[in-house]
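A quick write-up on the structure given underneath.
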Amino acid sequence: MKIFGERIRSLRESMNYSQVKFAETFGIGQSSVVRYEKGEASPALELLVKIADYYDVSLDYILGRTDNPQGKLYDCKPKNRYPADMENFVEMCFDPNSPMNAKLKQTLIQMLGEAKE
């Protein structure tokens with residue numbers, strides 16, 4: 001299961017998650033993440049499905065059966081990390097007549113995404 005561990009580590013690192021953050025995200029212990037990444041243990045199918053859905057990759061990719069990571073919705077973008085209504089809130093915060101409106105909104109949304117990591 002060496003390839004599995006490498007894929008899990010690669011997915012985790014793709015979002016700059018520490019092992020602790022990854023473990024918290026999936027409700028497991030950090031020691032489990034260490035064992036998975038070293039190929040010393042394999043997670044339950046339910047956890048594998050959660051990981052695949054979260055990163056939008058196929059189980060075949062995680063298990064090393066293919067090098068094509070494409071999941072059902074794959075587009076190389078991590079999921080939004082802020083509430084869906086946050087963009088509406090940000091929209092209300094700025095004067096649409098301001099020449100810097102678009103730039104300020106974009107910067108704030110980017111900062112919100114980074115703050116959740």
Side-chain angles (χ1 to χ4, degrees):
M1 299 288 331
K2 181 180 178 183
I3 189 75
F4 166 76
E6 291 171 1
R7 296 278 165 91
I8 293 294
R9 183 180 317 110
S10 175
L11 290 170
R12 175 179 62 77
E13 290 174 348
S14 74
M15 291 184 67
N16 295 319
Y17 278 13
S18 66
Q19 288 179 339
V20 171
K21 175 71 174 172
F22 184 89
E24 289 172 356
T25 300
F26 295 105
I28 59 176
Q30 181 192 7
S31 61
S32 295
V33 177
V34 171
R35 288 193 312 271
Y36 299 155
E37 290 185 0
K38 287 183 176 182
E40 297 172 352
S42 300
L45 180 59
E46 182 179 293
L47 178 57
L48 284 173
V49 171
K50 285 180 183 179
I51 293 169
D53 286 347
Y54 187 83
Y55 288 101
D56 193 25
V57 296
S58 70
L59 286 174
D60 283 339
Y61 174 75
I62 291 176
L63 297 174
R65 292 174 35 123
T66 181
D67 290 331
N68 181 4
Q70 293 184 334
K72 294 182 285 188
L73 307 173
Y74 188 76
D75 66 2
C76 296
K77 294 180 183 176
K79 296 182 179 194
N80 286 338
R81 293 184 193 89
Y82 52 85
D85 59 345
M86 187 58 72
E87 283 192 51
N88 292 335
F89 174 76
V90 170
E91 188 70 38
M92 293 182 337
C93 291
F94 295 97
D95 177 8
N97 298 323
S98 168
M100 289 299 293
N101 184 41
K103 179 90 170 152
L104 290 169
K105 285 192 303 189
Q106 178 185 11
T107 301
L108 182 56
I109 289 172
Q110 181 182 1
M111 289 170 53
L112 287 168
E114 291 172 0
K116 287 288 200 168
E117 291 180 0

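Throughout, numbering of the chain's residues begins at 1 and tracks the sequence.
Scanning all heavy atoms of the two residues, the minimum distance from Ala41 to Phe4 falls at O-CE2, 4.2 Å. Here the closest heavy-atom approach between residue Ser58 and residue Ala52 is recorded as C-CB, 4.5 Å. A pairwise comparison of heavy atoms in Ala23 and Val33 identifies CB-CG2, 3.9 Å as the closest pair. Of all heavy-atom pairs spanning Arg7 and Asp67, the tightest one is NH2-OD1, 2.6 Å.
The hydrophobic cluster containing Val34 does not contain Ile51, counting ILVMFWY residues as joined when their side-chain heavy atoms lie under 4.5 angstrom apart, directly or transitively. Leu63 is connected to Val49 through a chain of hydrophobic side-chain contacts under 4.5 Å among Ile, Leu, Val, Met, Phe, Trp and Tyr, so both are in one cluster. Under a hydrophobic clustering in which Ile, Leu, Val, Met, Phe, Trp and Tyr are joined whenever their side-chain heavy atoms come within less than 4.5 Å, directly or via other members, Ile8 and Phe26 fall into the same cluster.
Residues passing the side-chain contact (heavy atoms from CB on, under 4.5 Å) test with Thr25 are Tyr17, Lys21, Tyr54, sequence neighbours excluded. Residues that satisfy the salt bridge (Lys or Arg N to Asp or Glu O under 4.0 Å) test with Arg35, not counting sequence neighbours, are absent from this structure. By the side chain to side chain donor-acceptor pair (under 3.5 Å) test, Arg9 pairs with no residue at all, sequence neighbours left out.
Summarising the geometry, atom CG belonging to Asp53 is positioned 8.0 Å from atom CG belonging to Leu59; distances are rounded to the nearest 0.5 Å. Summarising the geometry, atom CD belonging to Glu37 is positioned 10.5 Å from atom CD belonging to Glu6; distances are rounded to the nearest 0.5 Å. With values rounded to the nearest 0.5 angstrom, Tyr55 atom OH is found 9.5 Å from Ser10 atom OG. Atoms CD and OG, on Gln30 and Ser18 in that order, are 7.0 Å from each other to the nearest 0.5 Å.
Identified under the salt bridge (Lys or Arg N to Asp or Glu O under 4.0 Å) test for residues 22-32, with sequence neighbours left out: none.
Side-chain contact between Ile28 and Tyr36 is present, with at least one heavy-atom pair separated by less than 4.5 Å.
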